[in-house]
Engineer: 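The following block contains the structure, expressed as structure tokens.
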Amino acid sequence: MNLKEMLGNEHVKPYLLKARYGIEKEGQRVDLSGSLAKTDHPQVLAARDQHPYIQRDFSETQMELITPVTNSIEELFDHLSAIHDVAYRSMSDQEMIWPLSMPPQLPEKEEDIVIAKLKNFESVLYRRYLAKSYGRRKQMISGIHFNFEFDDRLIQALFHLQSEYKEYLQFKSEIYLKLTRNYIQYRWLTTYFYGASPISEKNFFEDHSSDKPVRSIRSSKYGYTNSDEVQVSYNSISDYVAGLATMVKKGHLLEEKEFYSAIRLRSKGHVSKLEEQGVSYVEVRNIDLNPFEMYGISHEQVEFLHLFLLYLLWKDESTDCKTGESYNNTVALEHPLEPTQFKTEAEHMIDEMEYVVETLGLTVSDTLFTNLREMLADPSKTLAGRLYEEIEKSSQEQVAVGIAKENYTMAWAKPYELTGFTDMELSTQILMFDAIQQGIQVEILDRQDQFLKLQLQDHIEYVKNGNMTSKDSYVSPLIMENKTVTKKILHQHGFRVPLGDEFNDIEHALRAYTLFSTKPFVVKPKTTNYGLGISIFKDGASYDDYQKAITLAFQEDSSVLIEEFLNGTEYRFFVLNEKVHAVLLRTPANVTGDGKHTIEELVNEKNRDPLRGRDHRTPLELIQLGDLEVLMLKGQGHQIDSIPKADEIVYLRENSNVSTGGDSIDVTDQIPEDYKKIAVDAVAALEAKISGIDLIIENTEVPATDENAYGIIEANFNPSMYMHIYPYKGTSRRLTMEIIQYLFPELFEDEAE
């Protein structure tokens, strides 16, 4: 079987750089001074031992972040960064994640290192066994486990090019076996480039075995390794499975998962299933945390690992299978600023890797091979070299604390965002954050359409735009999308709604000018959300202004409503499952004069607020200065270059939508229950479970039953939640958690128990 020739086949080439990836990243929780945290694992994450994304490893302070399986490097880092955000913001704001593989200073007494306080007693017993067998200190080392699976179409294409193996699963396993044997032989190259644990902190070594700086304590004989008695063959799957079983039987391993090889063969189930199911993927385990990357590993490292594993599949196997361990230990224990003893061999391998790229027509980053060769020529450019040079300027503790604080600042800079998914609508980002935190698996079915699949064990819910769920019937959003239908239904149920007419073309709308010109009225598109195209005239309007408002509204929709203007204050009620969970007072886009600056300058200054942005990716939207705003200013006798008096409030919009630059103020606790009941009953009349409903109330102290006490101007089938969660003023209402509790009540029932 000539794999070199097969990999160059035209039917194989399209799939060479396609793969599935996963990362497990460990890290110690520390306080802001860099000392090991004394707190328990965050309670909000501790409901289940087997959280799909954030778990405890050996100790109570050691977090393990686990990405789902992804189909691209970009997607991998999207999930890794998002899970990192959730982990950080679930911890105390007085804690950080230590950025190094070697732990911070450990307690003098080994028994003071706290084993993970898991609910499953067998898991606790296993950790006690590890503590006794290897010592608690060694278990505190952290790193990256990189899970890698070739695209199945690649393996299938290779399978059809050969005749030696009749069974596909056997062939697939042989592919991974060759890869694994070669990785064990040549893993020292990864250790050279990306080893990053040159020294230890106080109390790690009892006998000071590693006083001199090295490339990687973790990858050396002083790191996370089994005893010499543990020997497992990779010659075949049956040998591998039998070897592990023998090690357990002889008592050298308690369980198969205690096998700490630099690379492991993995199937979908227990290791004993490997022969039956074949190898699904490999787990590369000898990767130190990259302290210079917030998430412990870089895009370039993942690209290298993919290319390196592909190269190892291409490369002929060595006849001397015992040199891999020796080479790796030698490289790991070399001084971080000295060239490796195997520089010539490393250069030859990089040349071969580049040859494979050119021969197979692969596309890689322009700087990948340049950076690899620079690291070979100058060891100070390797991760260990860079880290050691920084340590020499002060101390490892100071360097690590400095990096951790930078990461801490970045993680908390925009707490409303979910890094990796900031292109998505903000309410969806927050819902994803809460779902991940609660241990609900999140799959993005359509990123642009904000369509999610949420899964808790066998329970699946589909959610679009944060709160469109199966709990509402198909017709409910259609009713609320159509403002005319909404008004008619509410009117038929006895609710007060503004009177008006619907127009389907500009000509008919313009002819109706005299019906509205002397009254307070509103012009708005029939179906659009976010307050787009709405014009409000409290004192009537000139024909020119009326015409302009009609034109703007028709730009947003093919049908336009002209309605009476209801006096009072507009409130947004968020109704979920027959209960009002939040009420928001929204003030229209405005600036306050200082007697010195123009309206345009005041708008620009207010827009510098980091909470303001575009396209619903921030809690507040930028204030615009478009045609509608100019029209509004004209009605107040202003232009954009006018200078308002000191403390004069100038409104740039009549409609108070946050989406058009308005301010959001939570008033949930100030709204009387009778008005909340109106909102709940109105949503029920529309046969909806989740809705935002807008009420105009002139005086909340007047009973809702009084004539004209309120008016319902709109119902929204997909109400924004972020403005309730991050209001401009007032109490935050975490509506995304209310949605999750509504969809997955069993999760919270388990917690209550």
Engineer: If we ignore hydrogens and angles and just use 3.5 Å, is the side chain of N465 paired with the main-chain N or O of M468 as donor and acceptor?
Structural biologist: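 Not a single qualifying donor-acceptor pair exists.
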Engineer: Indicate, with yes or no, if the rings of H84 and Y88 have centres closer together than 6.0 Å.
Structural biologist: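 Between Y88 and H84, which both carry aromatic rings, the centre distance is below 6.0 Å.
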Engineer: For residues K526 and N504, is any side-chain donor paired with an opposing acceptor at under 3.5 Å?
Structural biologist: no
Engineer: In terms of side-chain geometry, is the basic nitrogen of K117 or D40 positioned less than 4.0 Å from the acidic oxygen of its partner?
Structural biologist: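 A salt bridge links K117 with D40.
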Engineer: If I take atom OG from residue S427 and atom CD1 from residue I725, how far apart are they, to the nearest 0.5 angstrom?
Structural biologist: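 If I round to the nearest 0.5 Å, the distance is 6.0 Å.
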Engineer: Does the distance from a Lys or Arg side-chain N to an Asp or Glu carboxylate O, for D78 and R447, drop under 4.0 Å?
Structural biologist: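 Between R447 and D78 there is a salt bridge, with a charged N closer than 4.0 Å to a carboxylate O.
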Engineer: State, yes or no, whether a side-chain contact exists between T598 and I640 at a heavy-atom distance under 4.5 Å.
Structural biologist: no
Engineer: Between the side chain of Y513 and the main-chain N/O of A541, is any donor-acceptor distance below 3.5 Å?
Structural biologist: yes
Engineer: Please tell me whether E687 and S476 have a donor and an acceptor in their side chains that are separated by less than 3.5 angstrom.
Structural biologist: no
Engineer: Do D544 and S542 have side-chain atoms, one donor and one acceptor, less than 3.5 Å apart?
Structural biologist: no
Engineer: Begin from the C-alpha positions of D663 and V658 and carry the test side chain to side chain contact (heavy atoms under 4.5 Å, CB included) through to its verdict.
Structural biologist: CA-CA 6 Å; D663 297 332; V658 173; over 6 Å; no
Engineer: Taking the six-membered ring where the residue is Trp, are the ring centres of H79 and Y53 under 6.0 Å apart?
Structural biologist: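 No: the rings miss the under 6.0 Å criterion.
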Engineer: Is a side-chain N or O of T419 found less than 3.5 angstrom from the main chain of A82, in a donor-acceptor match?
Structural biologist: no
Engineer: Atom CG of L652 and atom CG of L628: how far apart are they, to the nearest 0.5 Å?
Structural biologist: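 If I round to the nearest 0.5 Å, the distance is 11.0 Å.
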Engineer: Would F521 and F565 count as a close aromatic pair, with their ring centres under 6.0 Å?
Structural biologist: no
Engineer: Any sub-3.5 Å donor-acceptor pair from K524's side-chain atoms to I562's backbone N or O?
Structural biologist: no
Engineer: Side chains of S90 and Q437: any donor to acceptor distance under 3.5 Å?
Structural biologist: yes
Engineer: Taking side-chain hydrogen bond (donor to acceptor under 3.5 Å, both in side chains) as the criterion, tell me which of D472, T736, N718 meets it with N467.
Structural biologist: N718
Engineer: Within the side chain of T70, is there an N or O that forms a donor-acceptor pair under 3.5 Å with the backbone of E75?
Structural biologist: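 Between the backbone of E75 and the side chain of T70 there is no qualifying donor-acceptor contact (under 3.5 Å).
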Engineer: Taking NZ, NE, NH1 and NH2 as the nitrogens, is one of them in K414 or D85 under 4.0 Å from a carboxylate oxygen of the other?
Structural biologist: no
Engineer: Do R614 and E621 sit within salt-bridge range, that is, some charged N less than 4.0 Å from a carboxylate O?
Structural biologist: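 Salt bridge: no.
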Engineer: How long is the span from the NE2 atom in H459 to the CG atom in L747, to the nearest 0.5 Å?
Structural biologist: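 So the gap between those two atoms works out to 10.5 Å.
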Engineer: Looking at E95 and R29, is there a salt bridge between them, counting it only when a charged N and a carboxylate O are closer than 4.0 Å?
Structural biologist: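 Yes, charged N to carboxylate O under 4.0 Å.
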Engineer: Distance from L490 atom CG to I712 atom CD1, nearest 0.5 Å?
Structural biologist: 5.0 Å
Engineer: Any sub-3.5 Å donor-acceptor pair from T428's side-chain atoms to M424's backbone N or O?
Structural biologist: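 A pair under 3.5 Å: no.
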Engineer: Nearest 0.5 Å, please: how far is CD in E425 from CG in D615?
Structural biologist: 10.5 Å
Engineer: Ignoring hydrogens and geometry beyond distance, is a side-chain donor-acceptor pair present between E461 and S470 at under 3.5 Å?
Structural biologist: yes
Engineer: In Å and rounded to the nearest 0.5 Å, what is the OH to CD1 distance from Y728 to I665?
Structural biologist: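 Answer for the OH-CD1 pair, Y728 versus I665, is 8.5 Å.
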Engineer: Under 3.5 Å, is there a donor-acceptor pair between the side chain of Q639 and the main chain of S642?
Structural biologist: no
Engineer: Under a 4.0 Å N-O cut-off, is there an ion pair linking E578 with K689?
Structural biologist: yes
Engineer: Can K464 and D446 be counted as an ion pair, charged N to O under 4.0 angstrom?
Structural biologist: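 Judged by the 4.0 Å cut-off on N to carboxylate O distance, K464 and D446 do not form a salt bridge.
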Engineer: Is it true that a side-chain atom of R56 and a backbone atom of L118 form a donor plus acceptor pair closer than 3.5 Å?
Structural biologist: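 No.
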Engineer: Counting N and O atoms only, with roles assigned by atom type, does the side chain of S664 sit under 3.5 Å from a partner on the main chain of R586, one being a donor and the other an acceptor?
Structural biologist: no
Engineer: Between M737 and F748, does the side chain to side chain contact (heavy atoms under 4.5 Å, CB included) criterion hold? Intermediate values first, please.
Structural biologist: CA-CA 11 Å; M737 278 298 296; F748 299 88; 3.7 Å; yes
Engineer: Quick one: are F451 and I444 in side-chain contact, heavy atoms under 4.5 Å?
Structural biologist: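 SC-SC contact between F451 and I444 ruled out.
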Engineer: Could you go step by step and tell me if K483 and E714 meet the salt bridge (Lys or Arg N to Asp or Glu O under 4.0 Å) rule?
Structural biologist: CA-CA 7 Å; K483 290 181 172 63; E714 187 169 297; 3.7 Å; yes
Engineer: Under the 6.0 Å and 45° cation-pi test, does K676 pair with F573?
Structural biologist: no
Engineer: Counting only heavy atoms not in Q636 (residues, nucleotides, ligands), do more than 12 fall under 6.0 Å from its CD?
Structural biologist: yes
Engineer: Taking K606 for the side chain and N590 for the main chain, is one N or O donor matched with an acceptor at less than 3.5 Å?
Structural biologist: yes
Engineer: Between D434 and R734, does any NZ, NE, NH1 or NH2 come within less than 4.0 Å of an OD or OE carboxylate oxygen?
Structural biologist: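 Counted as a salt bridge, because a side-chain N and a carboxylate O are separated by less than 4.0 Å.
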Engineer: Quick one about E648 and H638 (side-chain donor to acceptor, distance below 3.5 Å, no hydrogens or angles considered), yes or no?
Structural biologist: yes
Engineer: Going by atom types alone, do E605 and H597 pair a side-chain donor with an acceptor below 3.5 Å?
Structural biologist: no
Engineer: Looking at D669 and R733, is any side-chain nitrogen of the basic one under 4.0 Å from a carboxylate oxygen of the acidic one?
Structural biologist: yes
Engineer: For the pair L456 and L743, evaluate side chain to side chain contact (heavy atoms under 4.5 Å, CB included) and give the outcome as yes or no after the intermediate values.
Structural biologist: CA-CA 10 Å; L456 182 65; L743 296 177; over 6 Å; no
Engineer: Check the pair F537 / F516 against side chain to side chain contact (heavy atoms under 4.5 Å, CB included), numbers first and verdict last.
Structural biologist: CA-CA 10 Å; F537 300 97; F516 304 99; over 6 Å; no
